[in-house]
Amino acid sequence: MRFTPKIKEKVWEIKLEKKIFDKWTSEKIHVFNVKSKKKIFAIDTPPPYPSGRPWHIGAAAHYSQIDMIARTARMMGKEVYFPIGIDRNGVPVENYTEKKFNIRMQDTPREKFLELAKTALDDLEAEMIGIMKSMGLSGNFENYYRTDSTEYRKLTQTTFIMMWKKGLIYEDMRPNNFCIDCGTTIADADITYEDLPAQLVYMNWKVKDSDENIIIASTRPELICACQTLIVNPDDERFKHLHGKFATIPIYNREVKIIPHPAADTEFGSGALMICSYGDYEDVRLFRELGLKEVVAIDSKGRMTDKAGKYAGLKIKEARMKIIQDFENTGIIIKKENITHRTPICDRSNTPIEIISMKEFYLKQLDFKGKIKKASEKLKFHPEEHRQILNNWIDAISIDWPISRRRFYGTEIPVWFCKSCKKAVVPEPGKYYQPWKERSPVRKCPSCGGRSFTGDGRTFDTWFDSSISPLFITKFMKDKTFFAKTYPCSIRPQAKDIIRTWLYYTLLRCYQITGNLPFEHAWIQGYGVDEKGEKMSKSKGNVIDPIPILEKYGGDNFRFWDAAEASLGSDFRSSEQRVIGSSKFLTKLWNVAKYISMFPQSPEVKLTPTDRWILAELNKVIEDCMKGYEDFNFFIPANRIREFVWNVFAPHYLEMSKARAYGTNFSKEDQKAAWFTLNECLKSILLLLAPITPFLSDFVWRTLYGKKSIHIEQFPKTRWKSDLGKLTQDIIDFNSVVWNKKKEKNISLKDPIKIEIPKDLKEFEKDLIVMHNAKS
RNA sequence: GGGCCCAUGGUCCAGCGGUUAAGACGUCGCGUUCACAUCGCGAAGAUCGAGAGUUCGAAUCCCUCUGGGCCCACCA
């Protein structure tokens, strides 16, 4: 009998992937059916942000693993809802638009700017979608969503209006991070710190009713007009006699109290410092703690206000230089020191931020800290240890969330202000509002009856949009049946670095709106770092572009690489070398499949001990893989299968059963037993690998086992349990000994050798003798 | 300053109370028509970051230290 492989290709050809992907699309095997009888598994896919190229290889790997989650759930018998979205709101889009068209947002008419911003990301978005497809994502590409769509923004506004009605939103004048250059309040997340040189000046202030002076050290002398108190450390002997006395602010001649407070460091400067509104967040904290009244010294354009007296109208830096000069002339400054100062910088404009009080909208979150923490106990984390990051963040929250931004490209805040009573008027939900260019839908002010309104020009913080993704994808307020079936979602996959933003804000917002958690599982992936273990960043220039790697090695090799390298939740190194290394396994598997494809498939017959042994081993593999899949940890199955195929199945079972499979000197039944076992193993391996390497698995499956896709099958069952599995190590050891002996004797592996089969391996004697050409 | 995580052959990564410490990549040697040179077999290479402790027994548990990564706070 001649055997020819049904698999013809010499190697796994990555060009086949495109065809397979198109087949999936035309067969609609991944289309979500909300009416299905199966249990629904909804994935709150993170909509990626196309903020520049190249797309981060770690992010691409992340999405390929999200697809593994989807495929795993399908093979566990669930009806999977796997939406795809793209995030397109906020400052990075504006930034990209400015660069792309060489304009400045603040100098461009809003309408015009929005038009440009709306399409600025289209090419980047197309590229991202292309990457997702080449990685084989089984998501919904037919109608993927965008966070800047009318639909999405309408829902963001609806949730705002609902919360407004519940009294969860208020407007307040508070000190906040303000970027003068961008002209907006910004979030803490938009700030980085840089060590910049600064001048620490020591000033002599007169103490009231005394001949003494007190020396105040400051890097911000221009803020003395906003000083409300002086503090010294309670234990500082130098100042104990001054507690409760007053000092006079130079130039302004206003008196401020000297009080003891532990925030003053005896080691730094003079030991005494002024508390002004606002030099830094310590000032803000103390103003709040001590109930001080703020003095607005700087306006939103970055100029001194009339509170600064003769310095009014000057820019901050000019005022500082001027006042230092004046103090030097009058002998108030006794010393100047050059220090480096950790300065908060706006991430986008690279200019120092100021703390300025502005009227902003706030969402209440302090009242929910306990509730969110309690509710999140039910959320299952993968891996569990990352729960800590969320808990730490919730504990650290000390103010409500400022949600308004003075920017253009975002969801507009649906609010008009009555021109006569100045009160905010909020419309009914159900429409996408743009108050900066539309007339108020409310004709008469509910408070004063006024009929004239001004539209709010601000937009929301982008997290205010993205934090309702679980509501948007489940068609909240749009399709009651769909929502009831899909919410809460099953899982939120996301990266570790946005736990305190995206994960936290989503929990908060969805809890406030629906009263329960938006998903059951939180699946957290680490960062993709470079080959040296350093975080990739554009400034360092170590960002790896996934496109050339995908083109060269294909989706499956890329996916197998990230599954086998990125352990659940931990950071993983990325390099082309490592993808090449992983790709060897697919070649190996390909050849195993090609070999097995030579033989006909056989119904189950009486199996030999060798067959029952490898099936017992296979059984263990299935058990181990399922443990990994149940935790959505693909590192475990990827490595377990590689280990099994490469080190047990191919070198030992394939060799032991080869003569039987070819039918040399064995009965027809024994031959059929080998055929059956070979195919049984390959089928299970393919099924177990299908979520990780969907292309190759499907190709081989359709070539050998079925007209239909492997992706509508379920994971293999464990039905081959047997004690023979205990003998695996002995078999491996014995084969190794024989190979070594032949090596020592310098004879070919096919040459005969005199060797005894060990007692415990007697059951396998016949196969072992033929395999090694052993003579007793 | 507070917190979290990590430390295993040249590199990556398993093992989490008892194994001759697994595997992959890389290196070296030998080998090949018959699934695979995008291969096979074999070899070298790890006192499991350091120290102390618990235990009959520790890479594995406790403590201290060192080095690295990350998050939060932050010097007026």
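The structure presented is a predicted model; accordingly, all values stated were derived computationally and were not measured. Note on naming: letters A, B, ... go to the chains in the order of the sequence lines (proteins, then strands), and numbering restarts at 1 for each one.
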Across the strands shown, which category fits [X] at heavy-atom distances under 4.0 angstrom: base, sugar-phosphate, nothing?
| X | result |
| --- | --- |
| E337(A) | nothing |
| A650(A) | base |
| S736(A) | sugar-phosphate |
| G271(A) | base |
| I7(A) | nothing |
| N740(A) | sugar-phosphate |
| K658(A) | base |
| P651(A) | sugar-phosphate |

Do [X] and [Y] meet the criterion of a side-chain donor-acceptor pair at a distance under 3.5 Å?
| X | Y | value |
| --- | --- | --- |
| Y504(A) | Q365(A) | yes |
| H772(A) | N735(A) | yes |
| Q601(A) | Y705(A) | no |
| Q729(A) | D733(A) | yes |

Paired to U66(B) by Watson-Crick or G-U wobble criteria (both distances under 3.5 Å) is A7(B)

Counting only Watson-Crick pairs (N1-N3 plus N6-O4 or O6-N4) and G-U wobbles (N1-O2, O6-N3), all under 3.5 Å, who is the partner of A14(B)?
none

Between [atom2] on [N] and [atom1] on [X], what's the gap in Å once rounded to a whole number?
| X | N | atom1 | atom2 | answer |
| --- | --- | --- | --- | --- |
| Y595(A) | G40(B) | OH | P | 15 Å |
| K627(A) | A14(B) | NZ | C1' | 15 Å |
| I747(A) | G40(B) | CD1 | P | 21 Å |

Hey, which sits more toward the 5' end of RNA chain B by its nearest nucleotide, M598(A) or L200(A)?
M598(A)

Worked check of side-chain contact (heavy atoms from CB on, under 4.5 Å) between Y653(A) and D611(A)
CA-CA 8 Å; Y653(A) 180 75; D611(A) 301 324; 2.5 Å; yes

Quick test of your reading of the model: are R387(A) and E384(A) salt-bridged, counting only N-O distances below 4.0 Å?
yes

Does the plane of the ring in F599(A) sit parallel, tilted or perpendicular to the ring in W675(A)? Use 30° and 60° as the thresholds.
parallel

Name of the residue among F632(A), F634(A), F635(A) meeting ring pair (Phe, Tyr, Trp, His ring centres under 6.0 Å) with H382(A):
F632(A)

Heavy-atom distance under 4.5 Å between the side chains of P221(A) and M203(A), does that happen here?
yes

When you get a sec, tell me which of C72(B), A14(B), G42(B) is the closest nucleotide to the side chain of F635(A)?
A14(B)

So which nucleotide from C39(B), U38(B), C72(B) ends up closest to the side chain of K588(A)?
C39(B)

Quick one: closest heavy-atom pair of L618(A) and C681(A), and the distance?
CD2-CA, 4.0 Å

For each nucleotide in nucleotides 23-32 of chain B, reading 5' to 3', give B when a protein heavy atom comes within less than 4.0 Å of its base, S when such contact involves only the sugar-phosphate, and - otherwise.
SSSS--BB--

Identify each atom pair where a protein N or O and an N or O of nucleotides 2-7 of chain B are less than 3.5 Å apart, giving names and distance.
{"residue": "G3(B)", "atom": "O2'", "partner": "N392(A)", "partner atom": "ND2", "Å": "3.2"}

